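Presented below is the structure to which this report refers.
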Amino acid sequence: MPQRLSGFISMMGRGHQALLVLLSVLLFAVGILPLEIQRRIVNGATQGAALNTILGLVLAYLALVLTEGGIKLVLNIYRGWIGEVAIRWLRMTVINTKECHPDDLTTLAEGVEMSIVLAEAEPVGGFVGTSISEPILQAGILLAVGSYMIFLQPLLALAVIAVFVPQSVLVPVLQGLINQRVKTKITVMRHLSEEMVDHTSPQSPKHQAARVQRLFATNMSIYKLKYALNFLMNLMFQLGYAGIFALGGYYVITGRIEIGTVVAFISGLNKVSDPWGALVDWYRDLRVTQVKYELIRDASAPDAHQPSAVTQD
């Protein structure tokens, strides 16, 4: 197996990753257009535009929404296929390593092999499908929507940008703490699996009970960190809405902007909340998957005895 997760992702198919990137770019390029149409519909309705004009904008909005949904459907299915190919390869690598070295018990214990094939390979392989296209898609949406907001009203855009500054500091710190616990969790689960296969130890029930309790404590620690971060992220977004309502309301009252601009900002903040959350989730998955991949790689040594990568069905 490649030494790094990035090498494994590349081995699973650079051409596939390039196509995913193209679909991602197309998706965020199409996704920015509905915001402008929403603004024009609201302004048209409040400024006495003709009904046919508004209906035309509504039809254009629906066409864009359907196009965006269709591209997203294709992208998600394609990602899923690539991820399943990677999962299959990891599982076969572990199984073939064991078959090639049946007497080498130090290379891959039976319990560790069981843990990797049944549980550990899936999240690592599944990450391959989203490893490159996901950050490009979500960062592209953030950049496109952010640029649009700055174009409409720079000062209002500051209220949106302020939402992300504290989160960009908190996420890496808390994720580092989560990673430490994930590594502990995987190690304990492997020991648990090993002793389930090997029943020779008289202290087995006592050791297993201690490991189960440690898994419980580790998982609860991960939950606390994860959901504390989610709480802080949601709080920041609500403060962003409050800033848009306050500053946007003042600008509308003083005649500096139209009501449609405030609606566009509210929709824009709502639109960037999902990609920002997805980007944070991707970062979490990246850091955790790096840890999991390294553990699988080390357990599957030696590297000389591995099958060739298969990237096609």
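Sequence positions, counted from 1, serve as the residue numbers for this chain. Because only heavy atoms are used, hydrogens play no part in the values below, and waters and symmetry mates are left out as well, while side chains stay in. As the structure is a computational prediction, the values presented were derived from the model and not from experiment.
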Legend entry - Other residues, nucleotides, ligands: >12 heavy atoms within 6.0 Å of R40 CZ: no

Legend entry - Close side-chain approach of K292 and F127, heavy atoms under 4.5 Å: no

Legend entry - Residue pair Q153, L247: steps toward the side chain to side chain contact (heavy atoms under 4.5 Å, CB included) verdict: CA-CA 11 Å; Q153 175 49 249; L247 190 57; over 6 Å; no

Legend entry - Any Q290 side-chain heavy atom under 4.5 Å of Y293 side chain: no

Inset, instruction - Could you check if a side-chain atom of F8 sits within less than 4.5 angstrom of a side-chain atom of S131, using non-hydrogen atoms only? - result: no

Inset, instruction - Evaluate whether atom CZ of R214 has more than 12 neighbouring non-hydrogen atoms of other residues, nucleotides or ligands under 6.0 angstrom away. - result: no

Inset, instruction - Would you give the length of the straight line joining atom CG of L239 to atom CG of N234, rounded to the nearest 0.5 angstrom? - result: 11.0 Å

Inset, instruction - Write down the atom of N230, the atom of R284, and the distance for their closest heavy-atom approach. - result: OD1-NH2, 3.1 Å

Inset, instruction - Tell me, with the steps shown, if F28 and V145 meet side chain to side chain contact (heavy atoms under 4.5 Å, CB included). - result: CA-CA 9 Å; F28 77 70; V145 175; over 6 Å; no

Inset, instruction - Rounded to the nearest 0.5 Å, what's the gap from OH on Y251 to CD1 on I244? Could you check? - result: 12.5 Å

Legend entry - Co-membership, hydrophobic cluster, residues L27 and L143, 4.5 Å side-chain: no

Inset, instruction - Could you please spell out the steps behind the side chain to side chain contact (heavy atoms under 4.5 Å, CB included) verdict for L229 and L170? - result: CA-CA 8 Å; L229 179 57; L170 288 171; 4.2 Å; yes

Inset, instruction - Return yes if some donor-acceptor pair links the side-chain N/O of Q17 with the main-chain N/O of V128 below 3.5 Å, else return no. - result: yes

Legend entry - Nearest non-hydrogen partners of L23 and I71, listed with the distance: O-CG2, 3.8 Å

Inset, instruction - Check whether L232 and L279 end up in the same hydrophobic cluster, where Ile, Leu, Val, Met, Phe, Trp and Tyr are linked by side-chain heavy atoms less than 4.5 Å apart. - result: yes

Legend entry - Closest non-hydrogen atom pair, P34 against Y61: CB-CE1, 3.6 Å

Legend entry - Within one Ile-Leu-Val-Met-Phe-Trp-Tyr cluster: L20 and V74, side-chain cutoff 4.5 Å: yes

Legend entry - Under 3.5 Å: donor-acceptor pair, side chain of R287, backbone of Y283: no

Inset, instruction - Measure from the side-chain N and O atoms of S10 to the backbone N and O of G7, and report whether any donor-acceptor pair falls under 3.5 Å. - result: no

Legend entry - Minimum heavy-atom distance between V169 and V173, given as atom pair plus value: O-CG2, 3.5 Å

Legend entry - Distance, nearest 0.5 Å, that separates CG of L57 from CZ of R39: 11.0 Å

Legend entry - E84/W81 under side chain to side chain contact (heavy atoms under 4.5 Å, CB included): CA gap, chis, key distance, verdict: CA-CA 5 Å; E84 287 300 318; W81 178 80; 5.9 Å; no

Inset, instruction - State the CZ-OH distance between F265 and Y148, to the nearest 0.5 angstrom. - result: 8.5 Å

Legend entry - CZ-CE distance between R88 and M92, expressed to the nearest 0.5 angstrom: 9.5 Å

Inset, instruction - Look at the aromatic rings of H16 and Y78 and report parallel, tilted or perpendicular, splitting at 30° and 60°. - result: perpendicular

Inset, instruction - For the residue pair V188 and T218, establish whether any side-chain heavy-atom pair is separated by less than 4.5 Å. - result: no

Legend entry - Note: E294-K183 ion pair, threshold 4.0 Å (strictly below): no

Inset, instruction - Find out if a path of hydrophobic residues (ILVMFWY) with successive side-chain heavy-atom gaps under 4.5 Å connects F151 to I37. - result: yes

Inset, instruction - Taking all heavy atoms of L215 and all of K185, pick out the closest pair and write down the distance. - result: CD2-O, 3.6 Å

Legend entry - Distance (rounded to the nearest 0.5 Å) between T130 OG1 and L137 CG: 11.0 Å

Inset, instruction - Give the minimum heavy-atom separation between P135 and W282, together with the two atoms involved. - result: CD-NE1, 3.5 Å

Inset, instruction - Look only at the side chain of S24 and the backbone of S133, and say whether a donor-acceptor pair between them is shorter than 3.5 Å. - result: yes

Inset, instruction - Indicate yes or no: at least one non-hydrogen side-chain atom of I87 is less than 4.5 angstrom from one of L90. - result: no

Inset, instruction - Answer with yes or no whether the hydrophobic clustering places M236 together with F245; edges join I, L, V, M, F, W, Y residues whose side-chain heavy atoms lie under 4.5 Å apart. - result: yes

